[in-house]
Trainee: 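Please see the structure below; I have some questions.
Small disclaimer: the values here were computed from a predicted structure and weren't measured. Numbering starts at 1 and runs along the sequence shown.
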Amino acid sequence: MTMNTADETKKTYTKQGAAGSTAREGARVMGTVLVTSGTGKTGRRVAERLAALGVPVRAGSRAGSRAGGVPFDWQDESGWAAALDGTEAAYVAYYPDLAVPGAAGAMAAFGRVAAASGLRRVVLLSGRGEPQAAVAEEALRGACGEVELAVVRSAFFAQNFSEGALLDSVLGGELVFPAGSAAEPFLDIDDLADVVVAALTGDGHAGAVYELTGPRSLTFEEAAEELGRAAGRPVRYVPVSGPAYAEVLEGFGVSGPEAGFLAELFATLLDGHNSATTDDVKRMLGREAKEFTAFTREAARDGAWHG
């Protein structure tokens, strides 16, 4: 669940046309792309878009060949070189989050393997407003040498409500979360995937840091109201403290240390400092980011909340 801060990295923007034409243009010269976490929410979408453009895709996951891809486990560095062998670019989505302890070390290790493999380009998924994620970004940047690196920092995924950790809360009618009254510019993952593909297949993104948000910030109370309207059932936001949320997570079987980490992370991120929107989606794709209302209607149409 990706939700930046750190020293503000200077952003590099590339003026492009519509995403489709830009990606197709780059795809004609693009070799194989490794998509890490290739069966996850973002990886699956990136892989699908690349394949639709005719770009050879190698989807990496712990399930590996059983899932129709290649073995790739963030906890087992021994398989990374084989997964990267013969690839030209990689989409890096670290599981569970770049802010967790050990993420910076994993990024440094991946950068070294990527550089040794002759990889040309990496696009890294990061979290907006996560100081520890920025540390992991720097670890990768420092280790990957001549590899072109672009970083995509994302706001809180809208799809967390429809296919992620908060789906059961929406279905149950109570959105319990430690966000207080802070507003968040929820980002549709389809927009994220389009930006990632544009950065993977187009030139001019080396050294770039893109901060992606939706076009409007909503409080979780406002989001719950919109979710309820779209789902056709009442959804009420219940704000709780970080420690109280950790107890909720433990009740669902999350280990104490992990529950405490997640609760602290959410409380830190959702304190209002990420409320501002950006126009980076439009700069990259030539169109506006998807509105939260449009997301809820599409998710309802696709049966996300029929359970």
Trainee: Of the non-hydrogen atoms in Ala182 and Asp271, which two are nearest, and what is the gap between them?
Mentor: CB-C, 4.1 Å
Trainee: Closest heavy-atom contact between Leu175 and Ala224?
Mentor: CD2-CB, 4.2 Å
Trainee: Ala115 and Val147: which non-hydrogen atoms are nearest, and at how many Å?
Mentor: CA-CG2, 4.0 Å
Trainee: Measure the CG-CZ distance between Asp168 and Phe252 for me, rounded to the nearest 0.5 Å.
Mentor: 6.5 Å
Trainee: Please name the residue in the list Tyr94, Phe72, Tyr95, Trp80 that meets the side chain to side chain contact (heavy atoms under 4.5 Å, CB included) test with Thr36.
Mentor: Phe72
Trainee: Would you indicate whether the side-chain heavy atoms of Leu262 and Leu249 approach each other to under 4.5 Å?
Mentor: yes
Trainee: Indicate yes or no for a side-chain donor-acceptor contact from Arg120 to the backbone of Gly31 under 3.5 Å, with no hydrogens or angles considered.
Mentor: no
Trainee: What do the steps show when you test Glu247 against Val240 for side-chain contact (heavy atoms from CB on, under 4.5 Å), and what is the final call?
Mentor: CA-CA 10 Å; Glu247 291 182 7; Val240 294; over 6 Å; no
Trainee: Distance from Leu140 atom CG to Phe110 atom CZ, nearest 0.5 Å?
Mentor: 7.5 Å
Trainee: Carefully, step by step, assess Glu77 and Arg112 under the rule salt bridge (Lys or Arg N to Asp or Glu O under 4.0 Å).
Mentor: CA-CA 11 Å; Glu77 182 183 340; Arg112 291 189 292 268; 5.4 Å; no
Trainee: Quick one about Thr278 and Tyr210 (side-chain donor to acceptor, distance below 3.5 Å, no hydrogens or angles considered), yes or no?
Mentor: no
Trainee: Taking atom CD as the centre, does Glu264 end up with more than 12 heavy-atom neighbours from other residues, nucleotides or ligands that are less than 6.0 angstrom away?
Mentor: no
Trainee: Decide whether Ser126 and Glu137 meet the rule of one side-chain donor and one side-chain acceptor closer than 3.5 Å.
Mentor: yes
Trainee: So which atom in Ala199 and which in Met284 form the shortest heavy-atom distance, rounded to 0.1 Å?
Mentor: N-CE, 4.1 Å
Trainee: Do Phe186 and Gln159 touch side chain to side chain, with heavy atoms closer than 4.5 Å?
Mentor: no
Trainee: Out of curiosity, Arg44 CZ to Arg49 CZ, how far, rounded to the nearest 0.5 Å?
Mentor: 9.5 Å
Trainee: Calculate, to the nearest 0.5 Å, the distance between atoms CG and OG1 belonging to Leu84 and Thr32 respectively.
Mentor: 11.5 Å
Trainee: Does atom CZ of Arg62 have more than 12 heavy-atom neighbours from other groups under 6.0 Å away?
Mentor: no
Trainee: Under a 3.5 Å distance rule, please check whether Arg233 uses its side chain to pair with a backbone N or O of Val170 as donor and acceptor.
Mentor: no
Trainee: Which heavy atom in Glu250 sits nearest to a heavy atom in Ala259, and how many Å separate them?
Mentor: CG-CB, 3.7 Å
Trainee: Of all the heavy-atom pairs spanning Cys144 and Leu149, show the shortest one and how long it is.
Mentor: SG-CB, 4.4 Å
Trainee: Does CD belonging to Glu298 count more than 12 external heavy atoms closer than 6.0 Å?
Mentor: yes
Trainee: With heavy-atom distances below 4.5 Å as the criterion, would you say the side chains of Leu98 and Leu124 are in contact?
Mentor: yes
Trainee: Would Arg297 and Asp188 pass as an ion pair if we require N to O under 4.0 Å?
Mentor: no
Trainee: Counting N and O atoms only, with roles assigned by atom type, does the side chain of Ser217 sit under 3.5 Å from a partner on the main chain of Ser275, one being a donor and the other an acceptor?
Mentor: yes
Trainee: Parallel, tilted or perpendicular: which fits the ring planes of Phe292 and Phe295, with parallel below 30° and perpendicular above 60°?
Mentor: tilted
Trainee: Using atom types as modelled, flag every donor-acceptor pair under 3.5 Å from a side chain in residues 53-61 to any protein atom, sequence neighbours excluded.
Mentor:
residue : atom : partner : partner atom : Å
Arg58   : NH1  : Ala83   : O            : 2.8
Arg58   : NH1  : Asp85   : O            : 2.6
Arg58   : NH2  : Asp85   : O            : 3.3
Ser61   : OG   : Ala63   : N            : 3.4
Ser61   : OG   : Gly64   : N            : 3.2

Trainee: Among Arg287, Arg45, Lys282, which residue meets the salt bridge (Lys or Arg N to Asp or Glu O under 4.0 Å) test with Asp194?
Mentor: Arg287
Trainee: Quick one: does any side-chain atom of Arg121 pair with a main-chain N or O of Leu200 as donor and acceptor, under 3.5 Å?
Mentor: yes
Trainee: Would you confirm whether Trp74, through its side chain, and Ala103, through its main-chain N or O, come within 3.5 Å as a donor-acceptor pair?
Mentor: no
Trainee: Are the side chains of Arg128 and Pro185 in touch, meaning some heavy atoms are under 4.5 Å apart?
Mentor: yes
Trainee: To the nearest 0.5 Å, tell me how far Thr42 OG1 sits from Asp190 CG.
Mentor: 11.5 Å
Trainee: Side-chain contact, heavy-atom cut-off 4.5 Å: Leu192 with Phe157?
Mentor: yes
Trainee: Would the distance check show the side chain of Tyr237 and the main-chain N or O of Thr219 forming a donor-acceptor pair, the cut-off being under 3.5 Å?
Mentor: no
Trainee: Taking the side chain as every heavy atom from C-beta outward, state whether Leu187 and Glu211 have any pair of such atoms under 4.5 Å apart.
Mentor: no
Trainee: So do the side chains of Gln132 and Val135 get within less than 4.5 Å of each other, counting heavy atoms only?
Mentor: yes
Trainee: Using atom types as modelled and distance alone, determine if a side-chain donor or acceptor of Trp305 lies under 3.5 Å from a backbone N or O of Phe161.
Mentor: yes
Trainee: Quick one: are Val33 and Thr201 in side-chain contact, heavy atoms under 4.5 Å?
Mentor: no
Trainee: Check Glu184, Glu222, Glu291 against Arg216 for a salt bridge (Lys or Arg N to Asp or Glu O under 4.0 Å) and give me the one that passes.
Mentor: Glu291
Trainee: Only one of Phe177, Phe220, Phe261 clears ring pair (Phe, Tyr, Trp, His ring centres under 6.0 Å) with Phe266; which?
Mentor: Phe177
Trainee: Step by step, would you call Leu212 with Asp191 a side-chain contact (heavy atoms from CB on, under 4.5 Å)?
Mentor: CA-CA 9 Å; Leu212 306 186; Asp191 287 340; over 6 Å; no
Trainee: For side-chain contact (heavy atoms from CB on, under 4.5 Å), just list the numbers for Leu34 and Val70, CA-CA rounded to whole Å, side-chain angles, deciding distance to a tenth of an Å, and then say yes or no.
Mentor: CA-CA 9 Å; Leu34 171 67; Val70 297; 4.2 Å; yes
Trainee: Just how far is it from atom CZ of Arg153 to atom CG of Asp280, taken to the nearest 0.5 Å?
Mentor: 10.5 Å
Trainee: Check whether Ser37 reaches the backbone of Ala93 with its side chain - one donor and one acceptor, N or O, closer than 3.5 Å.
Mentor: yes
